[in-house]
Amino acid sequence: MMNRGNEITSDMDPAFLLAWHVEMGADEAIGFDPVDRFTAPSAPEIRMPAAPRPAAADGAPRTVADIVAPTVPVAGPRVIEARPVQSVIGAGPAEAVRVAASCNNLEELRAAIEAFDGGTLKRGAKCTVFADGVPGAPLMVVGEAPGADEDREGRPFVGASGQFLDRMLAAAGLSRQSNVYISNVVPWRPLGNRTPDPAVIAMCLPFLMRHIELAKPQALLLVGKVPTGALFGSDDGITRLRGKMRDITAGGLTLPAMPTYHPAFLLRQPAQKGQAWRDLLTIRERLTL
Ligand code: URA
């Protein structure tokens with residue numbers, strides 16, 4: 001690392017620069033794609049009014065050109081064009097379909113997802129969050145994507161919303177220790193905890209479908225709009241979709257799927273807990289425990 005007093009320079013050790021940014025409070029990425037800030041600047045011309053022309057000495061009427069002062073270019077701020085260095089998607093959905101189909105059990109699928117080129121999404125996450133609970137359990141819960149807590153621990157739903165989910169499941173006689181298996185549509189934490197975009201979901205969906213097929217649950221509980229939209233192929237909001245169970249087909253497996261509210265939403269909107277509770281009891285009736 002080069003040390004030039006307090007100056008931060010681009011030839012410094014990247015690990016040092018990262019630590020410095022975190023110390024300065026810049027610990028959240030604001031875009032999915034890294035941006036090459038060193039690409040050639042394009043400075044738009046900024047024009048300032050020039051000095052007005054003096055009035056004509058002979059008292060002749062001034063023309064529009066006399067009144068509307070001409071402008072002169074001035075040096076403007078440098079505008080750096082934000083150019084993504086690489087796309088979000090690494091190997092892409094077609095490769096995900098091929099890789100997922102080649103997995104014959106859950107451990108192979110986990111290893112395949114861990115080895116998969118998930119592009120900038122995967123590179124932005126600390127780890128691949130595959131699943132938790134009992135493989136082969138009668139109920140499989142599908143969430144959206146890991147958050148910061150899950151990314152740190154490598155297990156889905158371990159933060160505040162996960163703890164609430166566990167309490168709801170326990171009240172219905174269900175738990176990830178005995179009869180529930182839990183995963184997400186997206187196995188990597190999206191930068192800034194943002195909602196996964198359609199391209200990301202399209203890349204991850206083949207893995208989820210194969211995951212369901214290999215885990216062989218009797219029924220699915222889809223928590224929130226993202227898993228419901230992905231598995232039902234719907235753009236409708238969760239308020240419209242929740243409580244309306246449908247059969248879905250994952251490979252050779254057809255099973256009922258119940259959409260309900262995401263536990264994080266229920267923590268913010270406790271008045272909706274009753275509806276989510278009804279959804280849970282409805283899908284529970286479809287289980288042979
Ligand atoms: N929210 C989700 O949808 N999944 C998790 O694993 C954690 C929070």
Side-chain angles (χ1 to χ4, degrees), residues 28-29 32 106 109-110 113-114 116 118 121-122 124-135 137 139-170 174-177 180-205 207-212 215 217 219-232 234-239 241-242 248 257-270 272-273 275-277 279-280 283:
E28 286 269 317
F32 271 109
L106 291 173
L109 184 66
R110 177 199 290 268
I113 297 174
E114 281 171 353
F116 190 75
L121 169 74
K122 184 175 180 188
K126 284 198 186 71
C127 64
T128 297
V129 176
F130 182 67
D132 196 23
V134 183
L139 182 66
M140 179 168 176
V141 177
V142 183
E144 179 178 312
D149 294 319
E150 290 75 20
D151 189 36
R152 209 172 301 118
E153 282 204 29
R155 291 191 301 131
F157 283 103
V158 294
S161 65
Q163 287 158 23
F164 177 64
L165 176 67
D166 283 344
R167 288 201 296 278
M168 270 187 73
L169 293 171
L174 300 164
S175 79
R176 58 176 107 189
Q177 285 75 37
V180 176
Y181 186 64
I182 305 184
S183 190
N184 283 304
V185 176
V186 176
W188 303 291
R189 180 196 180 210
L191 289 173
N193 269 353
R194 64 185 60 183
T195 302
D197 65 30
V200 162
I201 293 172
M203 177 178 68
C204 298
L205 195 55
F207 290 122
L208 175 64
M209 299 311 273
R210 189 73 180 137
H211 202 157
I212 294 168
L220 299 174
L221 181 67
L222 312 175
V223 295
K225 178 177 160 64
V226 169
T228 306
L231 290 177
F232 285 9
S234 171
D235 266 348
D236 286 348
I238 191 65
T239 307
L241 292 171
R242 66 138 285 280
I248 66 136
M258 171 62 89
T260 194
Y261 291 124
H262 193 283
F265 171 78
L266 294 173
L267 287 174
R268 294 193 303 272
Q269 302 282 334
Q272 309 304 320
K273 284 180 185 173
Q275 290 185 319
W277 176 242
D279 299 340
L280 179 58
I283 197 72

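Ligands are counted one by one from 1 in listed order, and the atoms in each one are counted from 1 as well.
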May I ask you to identify the nearest protein heavy atom to [atom], giving residue, atom name and distance to one decimal place in Å?
| atom | result |
| --- | --- |
| atom 1 (N) of ligand 1 | His262 NE2, 3.2 Å |
| atom 5 (C) of ligand 1 | Ala145 O, 3.4 Å |
| atom 4 (N) of ligand 1 | Asn184 OD1, 2.8 Å |

Counting the benzene-type ring for Trp, do Phe164 and His262 have ring centres under 6.0 Å apart? no
Might you point out which heavy atoms bring Val129 and Glu150 nearest each other, and give the distance in Å?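 Taking every non-hydrogen atom into account, CG2-O, 3.5 Å.
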Run Phe232 and Leu222 through side chain to side chain contact (heavy atoms under 4.5 Å, CB included) and show every step you take. CA-CA 10 Å; Phe232 285 9; Leu222 312 175; 3.9 Å; yes
Sub-4.0 Å atoms of ligand 1 with respect to non-hydrogen atoms of Pro156: 6 (O)
Can you find an N/O atom of Gly143 closer than 3.5 Å to an N/O atom of ligand 1? no
Judging by distance only, is a nitrogen or oxygen of Glu150 under 3.5 angstrom from one on ligand 1?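 No, no N or O pair falls under 3.5 Å.
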Applying side chain to side chain contact (heavy atoms under 4.5 Å, CB included), run through Leu106 and His211 and close with a yes or a no. CA-CA 7 Å; Leu106 291 173; His211 202 157; 3.6 Å; yes
Note, Thr239 side chain near Tyr261 side chain (heavy atom, < 4.5 Å):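 Answer yes - side chains close enough.
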